[in-house]
Amino acid sequence: SLLGGSRFQIGGPAGAFIVLVAATVAQHGIEGLILATFLSGLMMALVGFLRLGTFIKFVPFPVTVGFTAGIAVIIFASQIKELFGLTLAQEPGDLLEKTTALWEARSSLTPSALGVSIATVVVILGLRRWRPRWPGMLIAVGLASAVTTVLALPIQTIGTKFGGIRSSLPVPSLPLFSMETTLAVLPAALSFTLLGAIESLLSAVVADGMTGRRHRSNCELVAQGVANIGSSLFGGFCVTGTIARTATNVRAGAHGPVAGLLHAAFLLLFMLVAAPLASYIPLAALGGVLAVVAWNMVEKSAIAILIRSGWGEAAVLVREIKRTLFETKI
């Protein structure tokens, strides 16, 4: 926020990265993910310094829409196990194999997990309709956690599966470098860079439309590059400007980058104070949240426009969705 080219941009982890992050961890481990994030930050900053940010807009629109839609489907598929409380010895990464395994495990459905998932989605959508200014996802997860704890429901939580969330920051350190590892994670770093640049600049354009201002593309890319480098130094993963949070920031009455700085400060405070409470969050509730996120990621109106525009745009859209669905594993 301090260095960015948009006065209203709010950065952080984005749903579109979930699949890429999971695939990187599966192939290269956490250290590989951290290194890929660091390299991505360097590349994104370099793109900004070389003033190449304006060329991002030449990425075909059907490609970005199709990729996002494909990622949304994969995210939803990755949460079916938690949504229904299914028991699987090993969940395949391939979409078709995953679908088959989930169907074969249908007899292990946990009614309480399904109930929590449905209730979470209902609360989020209900608050979005009747109280749009309220933090619907946070309220839904909080209620689900309280009900799960009070009723001692037999479903998995963050604490039972992962042992909770740390309530302190690690000491900053450089990622582990080696030529072999760097070359291995380079494709992932390039993917992070391209997706992060597109997502961030699209978000900045949305903010421009809402405020009447104009962002500086190259300055924004440099700022996002610095953010990714900083994230990796603390053991974090790739971040970008996010449309939902940026739009919320504008609607809440933000006037400049101070809102983004305070956003980061409040997140840090929340982690330091409330991290122990995260152990009580049921995975079924998080599955419900991600189901809503996946639905929101699909640009329904854009897909309809592309299909009506002609066979060329529609063919590119379908090809990108197919490629994303069947070449990406999570």
Side-chain angles (χ1 to χ4, degrees), residues 10 12-18 22 72-73 75-88 91 102 105-106 108-168 242-253 259 262-298:
I10 299 294
F17 281 114
I18 292 174
V73 173
I75 290 173
F76 179 78
S78 72
Q79 294 304 306
I80 292 177
K81 174 177 177 288
E82 310 301 348
L83 287 168
F84 291 90
L86 302 178
T87 301
L88 280 79
E91 188 175 1
L102 291 169
R106 63 189 183 279
S108 64
L109 183 147
T110 305
S112 55
L114 180 59
V116 168
S117 301
I118 294 174
T120 300
V121 173
V122 169
V123 171
I124 292 173
L125 298 181
L127 289 175
R128 180 176 297 172
R129 180 179 177 83
W130 289 292
R131 290 291 184 271
R133 289 184 175 273
W134 291 15
M137 291 184 178
L138 182 61
I139 292 173
V141 169
L143 290 175
S145 303
V147 170
T148 300
T149 303
V150 171
L151 299 181
L153 297 179
I155 58 178
Q156 280 193 321
T157 65
I158 289 180
T160 58
K161 186 168 184 177
F162 303 110
I165 296 178
R166 291 179 57 171
S167 58
S168 61
T242 56
I243 295 174
R245 274 166 275 181
T246 299
T248 301
N249 186 41
V250 174
R251 286 197 298 266
L262 291 175
H263 163 263
F266 287 140
L267 276 178
L268 176 61
L269 180 63
F270 185 83
M271 184 194 76
L272 296 176
V273 174
L277 299 177
S279 299
Y280 299 99
I281 297 176
L283 298 183
L286 293 182
V289 169
L290 285 175
V292 175
V293 169
W295 174 257
N296 291 337
M297 283 178 62
V298 179

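FYI, the numbering just counts along the sequence from 1.
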Name all residues meeting the side-chain hydrogen bond (donor to acceptor under 3.5 Å, both in side chains) criterion together with [X]; count only those two or more places apart in sequence or in a different chain, and write none if there are none.
| X | value |
| --- | --- |
| Arg245 | Thr242 |
| Thr157 | Thr160 |
| Thr148 | none |
| Ser279 | none |

Q: With Val141 as reference, evaluate Ile281, Val123, Ile124 under the side chain to side chain contact (heavy atoms under 4.5 Å, CB included) test and give the passing residue.
A: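 With Val141 as partner, side chain to side chain contact (heavy atoms under 4.5 Å, CB included) holds for just one option, Ile281.
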(Q) Tell me the closest heavy-atom pair linking Ala278 and Ile158, and the distance in Å. (A)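 Scanning both residues completely, I find the closest heavy atoms to be O-CB, 3.4 Å.
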(Q) If you compare all heavy atoms of Ser108 against all heavy atoms of Ala105, which two are closest, and at what distance to 0.1 Å? (A) OG-O, 2.6 Å
Which atom pairs, one a donor and one an acceptor, fall under 3.5 Å between side chains of residues 283-296 and the rest of the protein, sequence neighbours left out?
{"unit_1": "Asn296", "atom_1": "OD1", "unit_2": "Arg128", "atom_2": "NH1", "d": "3.3"}
{"unit_1": "Asn296", "atom_1": "ND2", "unit_2": "Val292", "atom_2": "O", "d": "3.3"}

Q.
One pair to check against side chain to side chain contact (heavy atoms under 4.5 Å, CB included): Lys81 and Leu88. What are the steps and the verdict?
A. CA-CA 8 Å; Lys81 174 177 177 288; Leu88 280 79; 4.2 Å; yes
Calculate, to the nearest 0.5 Å, the distance between atoms [atom1] and [atom2] belonging to [X] and [Y] respectively.
| X | Y | atom1 | atom2 | value |
| --- | --- | --- | --- | --- |
| Thr120 | Leu125 | OG1 | CG | 10.5 Å |
| Leu102 | Ile80 | CG | CD1 | 5.5 Å |
| Phe84 | Ile118 | CZ | CD1 | 7.5 Å |
| Leu272 | Leu267 | CG | CG | 11.0 Å |
| Ile155 | Leu114 | CD1 | CG | 10.5 Å |

Q) Got a sec: does the CZ of Arg129 have more than 12 other heavy atoms crowding it under 6.0 Å? A) no
Q) When you look at CZ of Phe76, are more than 12 heavy atoms from neighbouring residues, nucleotides or ligands closer to it than 6.0 Å? A) no
**Q.** Pairs involving residues 147-164, ordered by first then second residue, that meet salt bridge (Lys or Arg N to Asp or Glu O under 4.0 Å) (sequence neighbours left out)
**A.** Glu82-Lys161
